[in-house]
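First up is the structure itself, then whatever we jot down about it.
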Amino acid sequence: MRHAPLPFDFAAPSSEIASWLIGLTLLVDGVGGRIVETEAYDREDPASHSFAGPNPRNASMFGPPGRAYVYRSYGIHWCLNFVCREAGHGAGVLIRAIEPKVGLETMRERRGLRDERLLCAGPGRVGQALAITRAHDGLRLDRPPFRLLPAKEPVEVVAGPRIGISKGRDVPWRFGLRGSRFLSRPFPRGEISS
DNA sequence: CTTAGGATCGCCT
DNA sequence: GGCGATCCTAAGC
């Protein structure tokens, strides 16, 4: 597939942006790697934090696009999203897995692990490896500490059902880099590619 | 390989 | 009081 040029328009639908992000490099304070797994969420989406309307936790999801929405998962993990659509809409893309490339030792220390494969294989692990906290909530993605870099080569993107949700399993809004060994989980065989 | 339980917080009914 | 856009560890097959 072909990537949208950077900087692309975060006002696009979250399902499109989620697939565009696969293969791009994300750095936070110079640490990170290649995005290999994302999930899209939208307002009319029972699995989305925005489904029930604005509240203090999800406020930045209803803010301007192109910013971070950071939430606390299960009271323990920090998870990073990119806000999509127009301000007030309530859409976003969850960054679920990254192929570690830059700052490997920093990420190993933060995670307390050596195994590269497990450093960023899941949204909570990404948060820990990139030291995401509430302080990042609402920050612009086109400025430090964030950096989003274009892919060097075209990538093959696969899609499938989202993980860890009970409602909204019907839409294939999980996207991944085909064949990557850094996914949080493998994609079901024979899934759609683009 | 799969399954089960605990940690721990914010918003919901 | 219940339930998550999760992860880790331990135990079972």
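Lettering of chains follows the sequences in order, A, B, ..., and the numbering in each one begins at 1.
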Mark this stacking check for A:Tyr71 against C:dA5 as yes or no, applying ring centres under 5.5 Å and ring planes under 30°.
no

Salt bridge or not for A:Arg162 and A:Glu39, using N-O below 4.0 Å?
no

For DNA chain C, whose closest nucleotide is more 5', that of A:Arg125 or that of A:Gly92?
A:Gly92

Which base sits across from C:dA5 as a Watson-Crick or G-U pair, both distances under 3.5 Å?
none

When you measure from the centre of the six-membered ring of A:Phe187, is the NZ or CZ of A:Arg178 closer than 6.0 Å and no more than 45° off the axis?
no

Can you measure A:His49 atom NE2 to C:dC3 atom P for me and round it to whole angstrom units?
16 Å

If I take atom CG in residue A:Leu119 and atom C1' in nucleotide C:dC7, what distance separates them, rounded to the nearest angstrom?
14 Å

A:Asn55 side-chain proximity, nearest of C:dA5, B:dC11, C:dC8:
B:dC11

Judged by nearest nucleotide, the residue sitting upstream toward the 5' end of DNA chain C, A:Leu118 or A:Ile165, is A:Ile165

With C1' as the reference atom in both, quote the distance from C:dC8 to B:dG10 in angstrom, rounded to an integer.
22 Å

Nearest-Å distance, CD1 (A:Ile76) to P (C:dT6)?
12 Å

Select one nucleotide: of C:dG4, C:dA5, B:dC9, the one nearest the side-chain heavy atoms of A:Arg72.
B:dC9

Measuring only the P atom in each nucleotide, how far is B:dT2 from C:dA5? A whole number of Å is fine.
23 Å

